[in-house]
Number of protein chains: 2
Amino acid sequence: MYSAFMTTPERLIESTRELLWERGYVGTSPKAIQQRAGAGQGSMYHHFSGKPDLALTAIRRTAEELRAVAGSCLDSPGGAYDRVRAYLLREREVLRGCPIGRLTMDPDVMADPELRKPVDETLDWLRGRLAEVLAEGRERGEFTAGLAPEPIAATVVATVQGGYVLARAAGSAAPFDSAVEGLLTLLAAFKAPV
Amino acid sequence: MYSAFMTTPERLIESTRELLWERGYVGTSPKAIQQRAGAGQGSMYHHFSGKPDLALTAIRRTAEELRAVAGSCLDSPGGAYDRVRAYLLREREVLRGCPIGRLTMDPDVMADPELRKPVDETLDWLRGRLAEVLAEGRERGEFTAGLAPEPIAATVVATVQGGYVLARAAGSAAPFDSAVEGLLTLLAAFKAPV
DNA sequence: GTCTATAACACGATAGAC
DNA sequence: GTCTATCGTGTTATAGAC
């Protein structure tokens, strides 16, 4: 239940965002959304055409939020290694998983091009942005020439996404932290000698 | 639909394994299982107590299979780096994702300790086995002393699990292959000079 | 804008005939 | 062992009153 100071559509969107994160698209029913939002059925169908419409709005907002947070880590001043490190070590609710990445395992999301698009674009953007930071670092001589920006960027994003999987399986954030630690020591080997 | 030479329970288990892989636990209904298995409702409830029972049987079998395949890569003769490489490069249906890892995003699987156990144990075993191989390689002088087996093992498994996420989002195996390539170049930097 | 009523169907399971 | 019938509930809406 949300504050009465939020409008009904706003409460519906926020409740959908939470449920998509917790239970995915397949596991989230309109009824559950309505109950969490404290809104009736008529209300939901007045503001949105149905479950897909509401989900699309929710996913887009979550995607934008993720871009903003990741972007602020990667745009920060400082060296390339430290910016990647900041992205990897940023505060996370590890056991909840990634609200965007988890949608890739949802068959109904992947089957709908509209729902799928923001998921694809967000992870693609993230990989691209990381590759830019790494390339910049290499050109500035912070990294050795052997560092290939695109594959390493994919490895960084994959480590985070897979870290969530390991953490959720274990019921503990430890494997996530361990995977990130491992990646950072590997990456540190490519720092050019000062 | 399966061969008539498979027993009914066998067809039910195999059909459940496929559906859990494709749609997850929440997205898989008893009806869908029965239809794919070519079995009636009465048949399913005669051989299994219900959806959780059938799912448990299916998950255990899939977990065992994954252990066997991963184990055969990691137990192969040869150097530690090559064995990890063999695990990373083994044939995979990348776009289908990991049949075990995907279950970590399923709320009903995570909520049931019995269903969750094989998922946890499999990924935990995999991390442990990789750590053993890496530790062995370090002791034999194949890797430099700076390589920490446990964190790197977590990074390896996370890269694979996250690689699936990236591939499914992109609708292409390319990001998976890229992430693995990146990890292998990072790992190669820790090979001791010959 | 929000509410209740209703619909047609799916879910997950049980009962009992065959 | 397998089948159909039935059950109570949930799903995803639409209709129409307020």
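The basis for the numbers below is simple: all heavy atoms, side chains too, and nothing from hydrogens, waters or symmetry mates. Convention: sequence-line order gives letters A, B, ...; per-chain numbering from 1.
- C/dG1 atom C1' lies 16 Å from atom CD of A/E10, rounded to whole Å.
- Note on A/K51: a side-chain N or O is less than 4.0 Å away from OP1 or OP2 of D/dT12.
- Spacing between atom CG of B/D108 and atom P of C/dG12 amounts to 9 Å, rounded to whole angstrom units.
- In this structure, the nucleotide among D/dA13, C/dC3, D/dG1 sitting nearest to the side chain of B/H47 is D/dG1.
- Residue B/S43 has its side chain nearest to D/dC3 when only D/dC3, C/dT14, D/dT14 are considered.
- At least one donor-acceptor pair closer than 3.5 Å links the side chain of A/T28 to the backbone N or O of A/L19.
- Separating the CD atom of A/Q41 from the P atom of D/dG10 is a distance of 13 Å, rounded to the nearest angstrom.
- Contact check, A/H46 against C/dT2: no side-chain N or O comes under 4.0 Å of OP1 or OP2.
- Among the nucleotides C/dA10, D/dA5, D/dT11, the one closest to the side chain of B/K31 is C/dA10.
- With rounding to whole Å, B/Y45 atom OH is found 21 Å from C/dA17 atom P.
- In this structure, A/M44 places its CE atom 16 Å from P of C/dT4, rounding to the nearest Å.
- If you measure from atom CG of B/L19 to atom P of C/dC11, you get 11 Å, rounded to the nearest angstrom.
- Mapping A/P30 and A/G42 onto DNA chain D by nearest heavy atom places A/P30 at the nucleotide closer to the 5' end.
- At the phosphate of D/dT11, OP1 or OP2 sits under 4.0 Å from a side-chain N or O atom of A/S29.
- A donor-acceptor contact under 3.5 angstrom links the side chains of A/Y164 and A/R92, judged on distance only.
- For the pair A/T8 and C/dG1, the criterion of a side-chain N or O lying under 4.0 Å from OP1 or OP2 is not met.
- Between the OH atom of A/Y25 and the C1' atom of D/dT12 there is a distance of 10 Å, given to the nearest Å.
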Yes or no on salt bridge (charged side-chain N to carboxylate O under 4.0 Å, His left out) for B/R11 and B/E14, after CA distance, side-chain angles and deciding distance?
CA-CA 5 Å; B/R11 288 193 329 265; B/E14 288 304 312; over 6 Å; no
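- Nearest approach of A/C73 to A/A86, heavy atoms of both residues: SG-O, 3.9 Å.
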